[in-house]
Amino acid sequence: MKIKLIKFDNYDKAPFRAHYNDAGADVYSTQDILLEPHTTIKIPLGFGLELPDGFMACIFPRSSCSSKGLVAQLPPIDSGYRGEVHAIITNSTDNQYIINKDDKIGQIVVIPIILCDFVEELGNERGTGAFGSTNKIK
């Protein structure tokens with residue numbers, strides 16, 4: 001599958017898949033950033049996407065970042081969105097962290113989705129029981 005990129009601000013680093021069968025393609029910071037402890041920031045990635053209907057994308061964490069306490073949040077990038085894609089990164093540590101321009105900060109993964117309609121007619125009622133409601137211990 002080929003997905004069209006839309007470049008922003010003349011940034012030239014497109015997502016890059018290191019191996020042909022990697023689930024994600026690396027994405028890069030477009031700027032130098034000082035990430036304070038226990039804060040979350042939105043980092044522009046310099047590109048947008050034209051995802052087809054029936055697909056979404058997320059910026060997943062890189063294992064090397066996660067092992068240092070940097071967590072990528074996973075809001076969906078919808079097929080109709082044509083703006084610049086951002087990585088939302090949280091520093092869960094007690095230390096400052098420096099992100100340099102062109103550092104790998106996440107990996108974009110494109111995911112097929114099922115577009116469904118939500119209706120109020122439920123058919124067979126299951127009830128409102130939640131966690132463990134079908135396996136009650138006496």
With ILVMFWY side chains joined below 4.5 Å, transitively, what does Ile114's cluster contain besides itself? none
Connecting only ILVMFWY residues whose side-chain heavy atoms lie within less than 4.5 Å of each other, what is the rest of Tyr20's hydrophobic cluster? none
Output every pair passing salt bridge (Lys or Arg N to Asp or Glu O under 4.0 Å) with a member in [range], not counting sequence neighbours, ordered by first then second residue.
range: residues 54-66; answer: Asp26-Arg62
range: residues 7-24; answer: none
range: residues 70-96; answer: none

Search all heavy atoms of Ser67 against all heavy atoms of Ser64 and return the closest pair with its distance. OG-O, 3.0 Å
Take a 6.0 Å sphere around CG of Asn10 and say whether it holds more than 12 heavy atoms from other residues, nucleotides or ligands. no
Look at the side-chain heavy atoms of Ile, Leu, Val, Met, Phe, Trp and Tyr, link any pair under 4.5 Å apart, and say whether [X] and [Y] land in one connected group.
X: Ile6; Y: Ile77; answer: no
X: Tyr81; Y: Val110; answer: yes
X: Val85; Y: Leu70; answer: yes

Using side chain to side chain contact (heavy atoms under 4.5 Å, CB included), reason through Ile89 and Tyr97 one step at a time and then give a plain yes or no. CA-CA 11 Å; Ile89 306 291; Tyr97 191 82; over 6 Å; no
To the nearest 0.5 angstrom, please state how far the CD atom of Gln31 sits from the CD1 atom of Ile33. 4.5 Å
Hey, could you give me the CD1/OG distance between Ile41 and Ser29, rounded to the nearest 0.5 Å? 7.5 Å
Student check: side-chain heavy atoms of Pro15 and Leu5 closer than 4.5 Å: yes
Could you give the side-chain donor-acceptor pairs of residues 43-59 under 3.5 Å, partners two or more places apart or in another chain?
{"from": "Asp53", "atom 1": "OD1", "to": "Ser79", "atom 2": "OG", "distance (Å)": "3.1"}

Among all residues two or more places apart in sequence or in another chain, which pass the side-chain hydrogen bond (donor to acceptor under 3.5 Å, both in side chains) test with Glu36? Gln96
For Gln73, side chain to side chain contact (heavy atoms under 4.5 Å, CB included) partners two or more places apart: Val71, Pro75, Ile88, Thr90
Result block: side-chain N/O donor-acceptor pairs under 3.5 angstrom for residues 99-108, not counting sequence neighbours:
{"from": "Asp102", "atom 1": "OD1", "to": "Tyr11", "atom 2": "OH", "distance (Å)": "2.5"}
{"from": "Asp103", "atom 1": "OD2", "to": "Asn100", "atom 2": "N", "distance (Å)": "2.8"}
{"from": "Gln107", "atom 1": "NE2", "to": "Pro61", "atom 2": "O", "distance (Å)": "3.1"}

